[in-house]
Amino acid sequence: MYGILVNEDKQVLVSDEFIRGGYFTKFPGGGLEFGEGTRDCLKREFKEEMNLEVEIKDHIYTTDFFQMSAFNPSHQIISIYYFAHPLETIKAPLRNKPFDFDEREMKMYSETGETETFRFINWNDFSAETVTLPIDKLVSTMLKEQYSWSDGKLVRRG
C-alpha cells in the first residue's frame with residue numbers, strides 16, 4: 001500500500017530508501033500484514049515510518065499487470081495507491097536532496113540493512129523519472145496526466 005501525499009505548496013512526498021545496498025526513491029508505504037485492511041495498512045505505515053497520523057482518501061490505482069518483486073524474484077507485487085492527507089504537522093525530518101541520510105539513519109542501516117528518509121518534490125519537477133520502482137513510475141505519469149492544480153488544490157481533470 002502506498003500513499004500519495006501532496007501538500008499545499010504543490011509538492012509530492014517521497015521516501016528515499018537505502019535497502020541491501022540499493023538506492024530507491026518511492027512513495028511512502030509498505031506491505032500488508034495478515035488480518036489488516038489496505039487503508040489500515042497505509043495508516044500504520046505512515047505512523048511507523050514518519051510518526052504521522054493520516055487520513056486515507058481516494059483510491060488512485062491498483063496494479064493490473066505482472067510485476068516481479070525487486071527484492072525477491074519468487075514474489076509477485078500488487079500495489080495499491082491512495083491519496084493520504086496528514087492530520088497533523090509532519091514531525092519527521094525532511095531532506096532537501098536525495099539520499100541525505102543522517103548518522104542515526106546510517107546506524108539503522110548498519111543494524112538492519114535498510115533505512116529511509118523523506119523529502120518533498122515540487123509538482124513541476126515531479127515525474128516518472130523522480131521515482132525508482134516501475135509501478136511508482138506508472139502512477140507518477142498517471143498523476144501528472146490526470147490531475148492539475150486549481151484554486152490551490154490538486155484536482156482531477158475532466
Side-chain angles (χ1 to χ4, degrees), residues 1-63 67 69-72 75-123 125-126 128 130-140 142-143 146-147 152-156:
M1 303 321 109
Y2 296 97
I4 310 299
L5 191 153
V6 181
N7 68 15
E8 61 278 352
D9 293 326
K10 299 182 182 179
Q11 298 172 316
V12 180
L13 183 70
V14 295
S15 171
D16 288 318
E17 300 186 11
F18 186 33
I19 302 173
R20 294 177 235 147
Y23 292 91
F24 303 88
T25 297
K26 62 182 221 33
F27 294 113
L32 191 64
E33 293 182 357
F34 183 78
E36 190 173 48
T38 58
R39 291 172 182 270
D40 288 337
C41 169
L42 193 51
K43 284 182 185 180
R44 175 186 51 77
E45 287 288 341
F46 269 95
K47 188 65 175 174
E48 287 177 4
E49 294 177 0
M50 297 187 73
N51 192 27
L52 181 66
E53 295 287 342
V54 295
E55 179 181 7
I56 306 306
K57 299 286 206 168
D58 292 345
H59 171 263
I60 299 168
Y61 178 74
T62 299
T63 310
Q67 179 63 53
S69 168
F71 305 109
N72 185 338
H75 289 173
Q76 178 176 343
I77 298 297
I78 295 176
S79 298
I80 303 172
Y81 295 78
Y82 295 96
F83 282 112
H85 176 75
L87 297 175
E88 58 188 341
T89 302
I90 295 174
K91 299 176 281 283
L94 296 171
R95 307 295 184 214
N96 293 318
K97 59 184 180 181
F99 310 108
D100 187 17
F101 302 112
D102 64 20
E103 188 176 312
R104 179 190 60 81
E105 291 156 348
M106 290 311 296
K107 183 174 188 276
M108 181 181 292
Y109 181 79
S110 68
E111 294 170 359
T112 66
E114 56 187 73
T115 193
E116 70 183 321
T117 193
F118 300 90
R119 66 188 163 96
F120 279 103
I121 299 174
N122 290 322
W123 180 259
D125 299 327
F126 175 72
T130 57
V131 292
T132 308
L133 302 174
I135 305 169
D136 285 2
K137 288 180 177 296
L138 173 76
V139 170
S140 298
M142 287 175 53
L143 286 170
Q146 296 177 10
Y147 290 85
K153 295 180 184 175
L154 191 63
V155 295
R156 191 172 187 120

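Keep in mind that this is a model prediction, so the values were computed, not measured. The analysis underlying the following values was restricted to heavy atoms, covering all of them including side chains, and did not include hydrogens, waters or symmetry mates.
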**Asked** Quick one: do the Thr25 and Asp16 side chains pair a donor with an acceptor below 3.5 Å?
**Response** yes
**Request:** Could you verify whether a donor N or O on one side chain and an acceptor N or O on the other, from Thr132 and Tyr23, lie under 3.5 Å apart?
**Result:** no
Straight-line distance of [X] [atom1] to [Y] [atom2], nearest 0.5 Å:
X: His75; Y: Gln67; atom1: NE2; atom2: CD; result: 14.5 Å
X: Phe18; Y: Phe101; atom1: CZ; atom2: CZ; result: 7.5 Å
X: Ile77; Y: Asn72; atom1: CD1; atom2: CG; result: 8.5 Å
X: Met108; Y: Glu103; atom1: CE; atom2: CD; result: 13.0 Å
X: Glu49; Y: Ser15; atom1: CD; atom2: OG; result: 6.0 Å
X: Asp102; Y: Thr117; atom1: CG; atom2: OG1; result: 6.5 Å

**With sequence neighbours excluded, residues passing salt bridge (charged side-chain N to carboxylate O under 4.0 Å, His left out) with Glu8** = none
**Request:** Only counting residues at least two apart or in another chain, list the ones meeting salt bridge (charged side-chain N to carboxylate O under 4.0 Å, His left out) with Lys26.
**Result:** Glu17
Are [X] and [Y] side-chain neighbours, meaning at least one heavy-atom pair lies under 4.5 Å?
X: Val6; Y: Gln11; value: no
X: Leu52; Y: Lys47; value: no
X: Tyr81; Y: Ile135; value: yes
X: Phe27; Y: Val12; value: yes
X: Asp125; Y: Thr130; value: no
X: Phe46; Y: Leu13; value: yes
X: His85; Y: Leu5; value: no
X: Glu36; Y: Arg44; value: yes

**Message:** Checking the side chain of Ser140 only, and the main-chain atoms of Asp136 only, is there a donor and an acceptor separated by less than 3.5 Å?
**Reply:** yes
**Message:** Looking at Asp100, is its backbone amide N or carbonyl O close enough to the side chain of Arg119 to form a donor-acceptor pair, meaning the two atoms are under 3.5 Å apart?
**Reply:** no
**Message:** Before you tell me yes or no, could you show the steps for Val54 and Leu87 under side chain to side chain contact (heavy atoms under 4.5 Å, CB included), namely the whole-Å CA-CA distance, both residues' side-chain angles and the distance that decides it to 0.1 Å?
**Reply:** CA-CA 5 Å; Val54 295; Leu87 297 175; 5.6 Å; no
**Prompt:** Does the side chain to side chain contact (heavy atoms under 4.5 Å, CB included) test come out yes or no for Val139 and Leu143, once each step is laid out?
**Reply:** CA-CA 6 Å; Val139 170; Leu143 286 170; 4.2 Å; yes
**Message:** Using the rule given for side chain to side chain contact (heavy atoms under 4.5 Å, CB included), can you reason through Phe118 versus Met50, listing the C-alpha separation, both sets of side-chain angles and the distance that settles it, and then say yes or no?
**Reply:** CA-CA 8 Å; Phe118 300 90; Met50 297 187 73; 3.4 Å; yes
Locate the shortest heavy-atom distance separating [X] from [Y]; write the atom from each residue and the value.
X: Cys41; Y: Gly31; value: SG-O, 3.4 Å
X: Ile80; Y: His59; value: CG2-CD2, 3.7 Å
X: Leu32; Y: Gly37; value: CD1-O, 3.6 Å
X: Lys57; Y: Tyr82; value: O-CD2, 3.7 Å

**Prompt:** Would you say Leu94 has more than 12 foreign heavy atoms packed within less than 6.0 Å of its CG?
**Reply:** yes
**Message:** Does Glu48, at its CD atom, have more than 12 non-hydrogen atoms belonging to other residues, nucleotides or ligands within less than 6.0 Å?
**Reply:** yes
Could you tell me whether [X] and [Y] make a salt bridge, using a distance below 4.0 angstrom between a side-chain N and a carboxylate O?
X: Asp58; Y: Arg156; result: no
X: Glu111; Y: Lys107; result: yes
X: Glu45; Y: Lys43; result: no
X: Glu53; Y: Lys91; result: no

**Request:** Any chance you could lay out the side chain to side chain contact (heavy atoms under 4.5 Å, CB included) test for Tyr61 and Leu138, step after step, and finish with the verdict?
**Result:** CA-CA 10 Å; Tyr61 178 74; Leu138 173 76; 3.3 Å; yes
**Message:** Before you tell me yes or no, could you show the steps for Glu105 and Arg95 under salt bridge (Lys or Arg N to Asp or Glu O under 4.0 Å), namely the whole-Å CA-CA distance, both residues' side-chain angles and the distance that decides it to 0.1 Å?
**Reply:** CA-CA 12 Å; Glu105 291 156 348; Arg95 307 295 184 214; 3.0 Å; yes
**Complete:** Paired with Trp123, the side chain to side chain contact (heavy atoms under 4.5 Å, CB included) test is passed by just one of Asp9, Asn7, Leu154, namely Leu154
**Request:** Return the orientation label for the Tyr147 and Phe83 ring planes: parallel under 30°, perpendicular over 60°, tilted otherwise.
**Result:** perpendicular
**Message:** Walk me through whether Phe99 and Phe24 qualify under ring pair (Phe, Tyr, Trp, His ring centres under 6.0 Å).
**Reply:** CA-CA 9 Å; Phe99 310 108; Phe24 303 88; 8.6 Å; no
